[in-house]
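Following: one structure in structure tokens, then a few remarks.
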2 protein chains.
Amino acid sequence: MRYSNEHKQQTRERLLSSSGALAKRGGFSSTGVAGLMKAIGLTGGAFYNHFPSKDDLFTEVVRQELHNSPLARLATQGASRERLGRCLQQYLSLAHLHNAESGCPLPPLGVEIARAAAPVREEAEHWLVDLHQAWSATLEDDQLAWVLISQCVGALMVGRMLATEHVQSQVLDASRQFVEKALHEVG
Amino acid sequence: MRYSNEHKQQTRERLLSSSGALAKRGGFSSTGVAGLMKAIGLTGGAFYNHFPSKDDLFTEVVRQELHNSPLARLATQGASRERLGRCLQQYLSLAHLHNAESGCPLPPLGVEIARAAAPVREEAEHWLVDLHQAWSATLEDDQLAWVLISQCVGALMVGRMLATEHVQSQVLDASRQFVEKALHEVG
DNA sequence: GTCTATACGATGATAGAC
DNA sequence: GTCTATCATCGTATAGAC
């Protein structure tokens, strides 16, 4: 074979990573297969050597984005309350708001996940339940864990809909202070 | 003229309302002009008698959806804390989660608003700032108002990404109880 | 494995008949 | 104002050369 299996695997990984970033920035359905391939220096025709369809790519993109999410890393390690707090302060930052392509997949891909077929939503649910379980253990509060997850996703969504950085900062500041207060109150 | 100006205005309003629902259900960019027109019993060619482009329709859809939002009605009338509470309990219901086409435009259209041109985001910002101001007045707490807005949008987004109603209920219940508690604590 | 070429449908938008 | 017909472009996906 002119190309090693290792090369194919690397191409697949580059495609997944690049497509995740492009999807988070401009939307998955809005980005054509040709554009996704061009972003890693290939042409559209080569795509189908790696995925049977664009929908399959979306499934894998969601899987990989969730797996690589900074929030998920908090879940696997039993994180301390302080570690969780530092992570959420970063999450609720202007830097994160302005860089969707390298940030959490939930706000930019959430709607497309919501409208996707059952397997994608099952993947998302499993990941969210794991995350919730980990945060619940840290916070010793089942409900607060869901509230914080919703708060983070919502604040980023609302912030990104706004036109001026001034108001974006208001939203993020309010969320950040609320999260910090909530983390110190319980337990 | 074979058609009255009143008829044209009615057609425009039907198109706006119908397109809003379709966009909230399946996404605006995913729904073609032909589909939007067919939903009100017309063909695609007639669209451009009402809007110069599909992008212009999106701008007007966002405007109308925000204007007609139940949340907005709370803003205009200086609402009591009890009224705000009842509204948010409805907002955070399974009925709302399962009926995006008749619900709040922020969760289903938020990402497309975030990626839209400045005029659309300015419209959204203006509306959100008004909403925030009204809730701040009711709650006597600027930051809590942003926290509650983010909480509602985030909980619905997260809930809609989930696969099973069981977990969806968990998320909504947690948010609902948090909101109720927050409304009674302050002031 | 990647390329070019291509099939085929859907898209946003326009032109002209009614 | 709405229709049908049409254009140009883009979408996903496939076929065959290299």
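Lettering follows sequence order; numbering is per chain, from 1. Only a predicted model underlies this, so the values are computations on that prediction, with no experimental measurement involved.
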To the nearest Å, give me how far apart [atom1] ([X]) and [atom2] ([N]) are.
| X | N | atom1 | atom2 | value |
| --- | --- | --- | --- | --- |
| A:F47 | C:dC3 | CZ | C1' | 16 Å |
| B:F58 | C:dG12 | CZ | P | 14 Å |
| A:H50 | C:dG1 | NE2 | P | 7 Å |
| B:Y48 | C:dG12 | OH | C1' | 4 Å |
| B:Q10 | D:dG1 | CD | P | 13 Å |
| A:F51 | C:dG1 | CZ | C1' | 14 Å |

Next item on the list: Check whether any side-chain N or O of B:R160 sits under 3.5 Å from a backbone N or O of A:V111 as a donor-acceptor pair, and report yes or no.
Entry: no
If you count every heavy atom of other residues, nucleotides or ligands that lies below 6.0 Å from [X] atom [atom1], does the total exceed 12?
| X | atom1 | value |
| --- | --- | --- |
| A:H126 | NE2 | no |
| A:H98 | NE2 | yes |
| B:E13 | CD | yes |
| A:Q90 | CD | no |

What nucleotide among [options] has an atom nearest to a side-chain atom of [X]?
| X | options | answer |
| --- | --- | --- |
| B:A46 | C:dG1, D:dC3, D:dA13 | D:dC3 |
| B:K8 | D:dA13, D:dG1, C:dA13 | D:dG1 |
| B:K54 | C:dG1, D:dT14, C:dG12 | C:dG12 |

Notebook entry, point to check: In residues 19-45 of chain A, what residues come within less than 4.0 Å of DNA chain C, judged by heavy atoms?
Noted result: A:G41, A:L42, A:T43, A:G45
Note to self: Distance to the ring centre below 6.0 angstrom and angle to the axis at most 45 degrees; does that hold for A:K54 and A:F28?
What the structure shows: yes
